[in-house]
Amino acid sequence: MCGIVGYVGPQQAVPILLEGLKRLEYRGYDSAGLALLQDGGIIIQKSAGKIRVLEESIKGMQFDSNCGIAHTRWATHGEPNDTNAHPHTDGSGRISVVHNGIIENFRTLKQYLERKGHRFNTETDTEIIAHLIQDNYQGDLFEAVRKALTQVEGTYGIAVVSLDHPGEIVAARHGSPLVIGSGNGENFIASDVSAILRHTDQVMYLEDRELAHITADGFNVATIENTEVTPEIEKIEWSLEQIEKGGFSHFMLKEIYEQPLALNNAIRGRLNFEEGISRLNGLQLQMEELLSIQRIIITACGTSWHSALIGEYMIEDLARIPVEVEYASEFRYRSPIISDGTLVFVISQSGETADTLAALREAKRKGATGLGICNVVGSTIARETDGGIYIHAGPEIGVASTKAFTSQIMVLALVTLLLARQRDMSHEKGRQFVDAIQKLPSQVQSILDESDQIKRLADMFSDHNNFLYLGRGINFPTALEGALKMKEISYIHAEGYPAAEMKHGPIALIDENMPVVVIALKDQVYDKVLSNIQEIKARNGRVIAIATEGDEEIKRLANHVLYIPKVMYHLTPILSIIPLQLLAYFVAVNRGCDVDQPRNLAKSVTVE
Ligand code: F6R
């Protein structure tokens, strides 16, 4: 949510900042701007719209700056116009700030500053920070920022420059990620490593309530209480190639096609066929601790919440441990019961989602062991959990989550196997499970190879304004996820339901204009789903069935059939979601939507 990038060093800052912003654009894209220290002054350029609008607006201008900060915004306070775009300045125009997060006490601070004579030009909470820094300034920028932040409540990742301090950036973090990139005679600050990976793979993640003073020669870090922190440099494992489109027209399509590879990465070194088991050392749990688990709570948001629901079906059915799944935004504000033997899993692709992080902290506060299933290595959630499992899906840039979803389910299958084999699952069943898991990447590939068929279907249905998605059992969450993919990237209203619930309300919507996507696999609920299809057909609904290869019967009922390979029931969502991802993608492209950056959305939701 919002992106920050900053540079100080011998190179021209503008190209580095613009390139960094473009790589961060997936985090927020309603306005963008930059502040440059040049010739003893600060140059600020900002505009509503995407980065290309900003780029266009500064075309032909000559810059000569070696130090600057930049921002791409996802609006929280104030509409996305030129004025509200970051950077923001204090009244004197000497200090400039970019900010991610929300200042919760900004009204109180505004009144306090107004009483002292400060005047404000924007509707943003960020402008307050610039004024507050100025209010605390007595010749030391770092100290002024530090003091200002002791007055602030809320979340922030900020970068600050001042014309009185050429060649210096002060950055601070509380609840909104920031990473310092360490270069050779140059340094960087960014909200996400992708912005600076072209220049350095040596980084230091700032922790909450830490500030950094950055120059070309180095950086110092201290806490907000002014205790010095020894920087720990880490190496980024992601390559530049991984964060580029590599010939695909969209990141989302690239990421859909990366799923066989991502699934292989998720299982690499973690399965043992002979023994029919999985090994997940990252959980940091001893055998006795795993055996003493009485109950599991899984909490997450959005797509990750859907994978959690699939995990619930898998773990309860196969490991026989009670599982509850809850939206992180709900979990954090009630008083969840965490009894002895309760394990809490949080699932997050980004590892930065504000509600999920807060839920993790709440669970840990109540004494639970908090484990994570994350993609981004070094992310806040990954660092704050007691243990966890990385899904190793590689960077996911498309705002709509695809490969992270299937990789999360894969990891949940490994967790299930681990827990089930300690309990009732036999050696033979364990081996069958391992065998089925290992076949999944090539089965996903075989569905991707048939994408033309899905494209043809998308061409037929792209002008519809509503879609219904139905599934039962473990594929009910798949229906939810299919509907989410469709609505978020194509702006078509789509709803997911458990198939049998249809007759308790949604059936009223069905007529010849309502495409209904039904996941109708040859499993224990197949006959029940066929009855649901009959009910739709009786009302002239148009059925697109996701069916098991070799099922001829379904052809007589459904208007269109997309086949997926046969697989063990508990692993079916990894296959059944693939055609639904592709269907949403092709429909969105046909409708001319911005697939990778859908309106109003942002990757990594770091505000509540
Ligand atoms: C939908 C999507 C979102 C995320 C949600 C949680 O395609 O991507 O619903 O799943 O914002 O994000 P993470 O997994 O990063 O916590």
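Start at 1 and go down the list; that is how both ligands and their atoms are numbered. Quick note: residue numbers are just sequence positions, from 1. Treat the numbers as computed from the prediction; the structure is a model and nothing was measured.
No N or O atom of T356 sits closer than 3.5 Å to an N or O atom of ligand 1. No N or O atom of Q408 sits closer than 3.5 Å to an N or O atom of ligand 1.
Ring geometry for Y585 versus H250: interplanar angle over 60°, hence perpendicular rather than tilted (30 to 60°).
Per-residue contacts place S304 under 4.0 angstrom from the following atoms of ligand 1 (heavy atoms of the residue considered): 10 (O), 13 (P), 14 (O). For ligand 1, the atoms lying closer than 4.0 Å to a non-hydrogen atom of S348 are 13 (P), 14 (O), 15 (O), 16 (O). For ligand 1, the atoms closer than 4.0 angstrom to any heavy atom of A400 are 7 (O). Listed by atom number, the atoms of ligand 1 under 4.0 Å from E488 heavy atoms are 1 (C), 7 (O). Using a 4.0 Å cut-off to heavy atoms of Q349, the atoms of ligand 1 that qualify are 13 (P), 14 (O), 15 (O), 16 (O). Within ligand 1, the atoms closer than 4.0 Å to a non-hydrogen atom of K485 are 1 (C), 7 (O), numbered from 1 in the order shown.
Protein heavy atom in closest approach to atom 5 (C) of ligand 1: C301 O, 3.7 Å. Protein heavy atom nearest atom 12 (O) of ligand 1, with residue, atom name and distance: T353 OG1, 3.4 Å. The shortest contact between atom 10 (O) of ligand 1 and any protein heavy atom is with T303 N, 3.1 Å. The single protein non-hydrogen atom nearest to atom 15 (O) of ligand 1 is S350 OG, 2.7 Å, given as residue, atom name and distance. Looking only at protein heavy atoms, the nearest one to atom 11 (O) of ligand 1 is V605 CG2, 4.0 Å.
The closest side-chain donor-acceptor pair between S304 and Q408 falls under 3.5 angstrom. No hydrogens or angles considered: nothing links the side chains of N375 and H392 as a donor-acceptor pair under 3.5 Å. When only modelled atom types and interatomic distance are considered, T385 and K364 share no side-chain donor-acceptor pair under 3.5 Å. Between the side chains of H493 and N465, no donor N or O sits under 3.5 Å from an acceptor N or O.
Formation of a donor-acceptor pair under 3.5 Å by the K403 side chain with backbone atoms of A393 is found in this model.
Counting only residues at least two apart or in different chains, salt bridge (charged side-chain N to carboxylate O under 4.0 Å, His left out) contacts with residues 367-384 comprise E207-R383, R361-E384.
Note on R23 versus E244: salt bridge recorded, some NZ/NE/NH1/NH2 to OD/OE distance being below 4.0 Å.
Not a single heavy atom of E352 sits less than 4.0 Å from an atom of ligand 1. Within the structure, ligand 1 has V399 among the residues with a heavy atom less than 4.0 angstrom away.
Taking the centre of each ring, Y156 and H99 stay at or above the 6.0 Å mark.
Geometrically, R599 engages Y491 in a cation-pi contact, judged by NZ or CZ lying under 6.0 Å from the ring centre and within 45° of the ring axis.
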